[in-house]
Amino acid sequence: MAPKVLMVAEKPSIALSIASALSHGRMSTRRGSTDVHEFDGMFQGFHAHFKVTSVAGHVFSLDFPSTYQNWEATDNLDLFQAPVVKLESNPKGHICRHLSQEARGCSYLVLWLDCDREGENICYEVIECTGFNENEVGRKILRARFSSVTEKDILEALENLVKPNKAEALAVDARQEIDLKVGVAFTRFQTRYFQGKYGNLDSRIISYGPCQTPTLGFCVQRYMQIMTFKPEKFWYFSPYIIKDGYELQLEWDRNRLFDFDVAAMFQKLVLDQNILEVTGVSKNEENKSRPCGLNTVNLLKVASSALALGPHVAMQLAERLYTQGFISYPRTESTAYPASFDFRNVLGAQQNNPIWGNHIRSLLTDGFHKPRMGSDAGDHPPITPMRAATEEMLGNDAWRLYQYICQHFIGTVSPDCKYTRTKVEFTSGGELFHCVGLHVSTKGFTSIMPWLAVKEKNLPQFTKGEKINIIKMDLQEGSTAPPDYLSESELISLMEKHGIGTDASIPVHINNICERNYVQVNSGRRLVPTALGTTLIRGYQSIDADLCLPDIRSFIEHQITMVAKGKADHSHVVQHVLQQFTQKFSYFVKKIENMDALFEAQFSTLAESGRLLSKCGKCTRYMKFISTQPARLYCTSCEEVYYLPQNGSIKLYKEFACPLDGFELVLFSMSGSDGKSFPLCPYCYNSPPFEGITTLFGSIKLGNSGKLGKGAGMPCFLCPHPTCRHSMITQGVCACPECSGTLILDPISAPKWRLYCNICNCMVSLPQGAHRISTTSNRCPDCDSLIIEVDFNKKTTPLSDGATLYSGCILCDELLHSLIEMKHGKSFFRRGRGRGRSRGRGGRGRARGGSKNDDPKMSFRDF
DNA sequence: GCAAGGTC
């Protein structure tokens, strides 16, 4: 039987290209969450059955085991030595199961992952899923090395299969572990340290990472340059002349001087002569080169600076253009095209375009140029248009991006721009001046990329030795100006230069520092650090500047490169690097007060922020509500913080106090149009979590955290405390006979139901043995109190008519009619007793000593 | 909840 060969690519599109190339398009495809292409062919001299499928990037990602997931219970220092686990990145995708199933019965596994370190690492993830073993006899693991997915390259790679490179894969394992441990330890520590400490500080997450922090560092560095910039005055002069009717302003060779007296002296020397002599006329043929192929980083820079599209958005658009087949794969480092690239084909697809069709047709007939030699990173070809599109097909932003990709591509195969530079030099009073003229002879690629055009500047004819009068020459004053905030495009260049992030992750890091509120994108896509951003970086600088310098990334890269080259052992390197970071971490923890001093100067203390909202149950003074994330209440006199549910609004709830602790209740309304509201006690909400609670509304299970919101089994209307009564404080029942306070149902006493008064705290017993008691919206016609409904369990009730639900008015001392009567809409009040007849009865004494009589036909007072 | 790296 023909041996089976399983081939795995990094993404579905590559699997398709490989299968198409090897089967010459004669394959069958099994569709599924991941497609499998099958065909028969020759493999290593044998007839074989091929199956080609793919993963979608990394199959696994690294994390801490669950025992290290609790922020409170974990010592951050322990994280550095903690075990790590590989978990499926996308468990719902079942990639591992898919690979394992497809590998069954296969004798060969051929790995077509991208040819970089990450790809090598994914090779071993695939090997693990398939169950292949490197030392197994009879089953072979092979690695295809290819730099593009053209048919030629694929066939060549198949003929030259190698072994996967374990060292490179281990280098990625090392990076993953270092990044995880360092990032998580610092992030958890500083988040916890600053969380809730200051009023106007958004401290949901104060993250640290070896890529994101230096990225922020670049923005803050520029900010500091601007803030500390001291302008300097300078002086300059430029003679005006008239020649052949042209008025010309000459440039001074000294450009400018920072000393007024010296500048004035030179000016006087020139003015004394007031005549210029032409000392030289030179002409140079110059060349402006057409661009290399377009890679991701350059696309992102143009998108940000010229199209006003942020890197994150630009990549989303590019991704869509790619999946729709308009452009080639948009994540690439390479600016060089593979030798076999079919430029004619790409140009042909664009020749009917109304904007650049003419240019293309002339390139196709007159011959086009090969693009300038760029660099080949061995990943994917430069970003290239694949098929024609119109603005209507793509939508405005995607169209602008696509248009640029087309223009850039056409530029790469167009002629260079050629122009003549004429420089005329002058002298007067010993000072030198010049002017420059530019004349374009061949527009070349600049006709398709007009923003790069050389600006023509005509000069009149000058001859050496010619003398010309100066018309005007004033001494001008200027002042040096600070640089502008760092533009996104400059940031991308800096990140690329320092090896911070990759083509795919650079947009993610920039997005991160925006989302975490460390920088803001201003007009012209310039990045302005926030108070939090600058304080963080200044804080690192005050403790250990290494933490925010780009070298921190290059240090890690350098270390893992040793692993990749097989010069150092993986675990030794990881241990060595982690040991250094452990020391840095310990020192950071020890010196965190240095950073805190900066926070203190920058942010307001809790006592200074917020507005008075509700009363503290301990000291009865008003607490301050601090609305900045995380929302919380702060008691200035007790110096206690009470966190509130996030992502919603908070207001005082009817001035009710929690019967357990005396804290005034607040009403939380979830954000969104149909956001639910519920009252809660700030103290109980911050009490230890519990499993759930039984209320009049039924059993409510809370999420693992015991907090409200996500993970809770149902929308929760109470605070997560086991003995809290607020769930029932949804409406007052009636006036307290003692003090006119509001009587409120007290579910905690069930089945010994009681009412309690929210002011004098007196208790009134309700029928014992009731299964459920609740308030209704009906009111007593005598005293206007709310009617109570009492539900008896049949087992516990002595009723003969089988009815179990009773209603009544507590104040009028009535326990009345059955459910059956209510259902039929009959009046269920026994008339005859006067309004407020029972007022003054009941109260504290009675509440304590309830009757043992279970007959619901008796009045409330008899219980 | 936290990093950075793949890809969707």
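Quick caveat: nothing in here was measured; it's all calculated off a predicted structure.
The residues A:Asp75 and A:Arg188 are annotated as not salt-bridged, no charged nitrogen and carboxylate oxygen being separated by less than 4.0 angstrom.
Between A:Phe218 and A:His498, the ring-plane angle classifies as tilted under the 30° and 60° cut-offs.
Screening residues 56-88 of chain A for ring-ring contact (aromatic ring centres under 6.0 Å, His included) gives A:Phe80-A:Phe585 as the qualifying pairs, with residues at least two apart or on separate chains. Listed by first then second residue, pairs satisfying salt bridge (Lys or Arg N to Asp or Glu O under 4.0 Å) with a partner in residues 508-518 of chain A number zero, not counting sequence neighbours.
A cation-pi arrangement is present between A:Lys11 and A:Tyr329 under the rule of less than 6.0 angstrom and at most 45 degrees off the ring axis.
Listed in residue order, the members of residues 567-580 of chain A having a heavy atom less than 4.0 Å from DNA chain B come to none.
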Protein proximity profile, nucleotides 2-7 of chain B - base contact B, sugar-phosphate-only contact S, no contact -, cut-off 4.0 Å on heavy atoms: BBBBBB
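Annotation: side chain to side chain contact (heavy atoms under 4.5 Å, CB included) contacts of A:Ala174 (sequence neighbours excluded): A:Ile560, A:His570, A:Val574. Not a single ring-ring contact (aromatic ring centres under 6.0 Å, His included) links A:Tyr124 to another residue, sequence neighbours left out.
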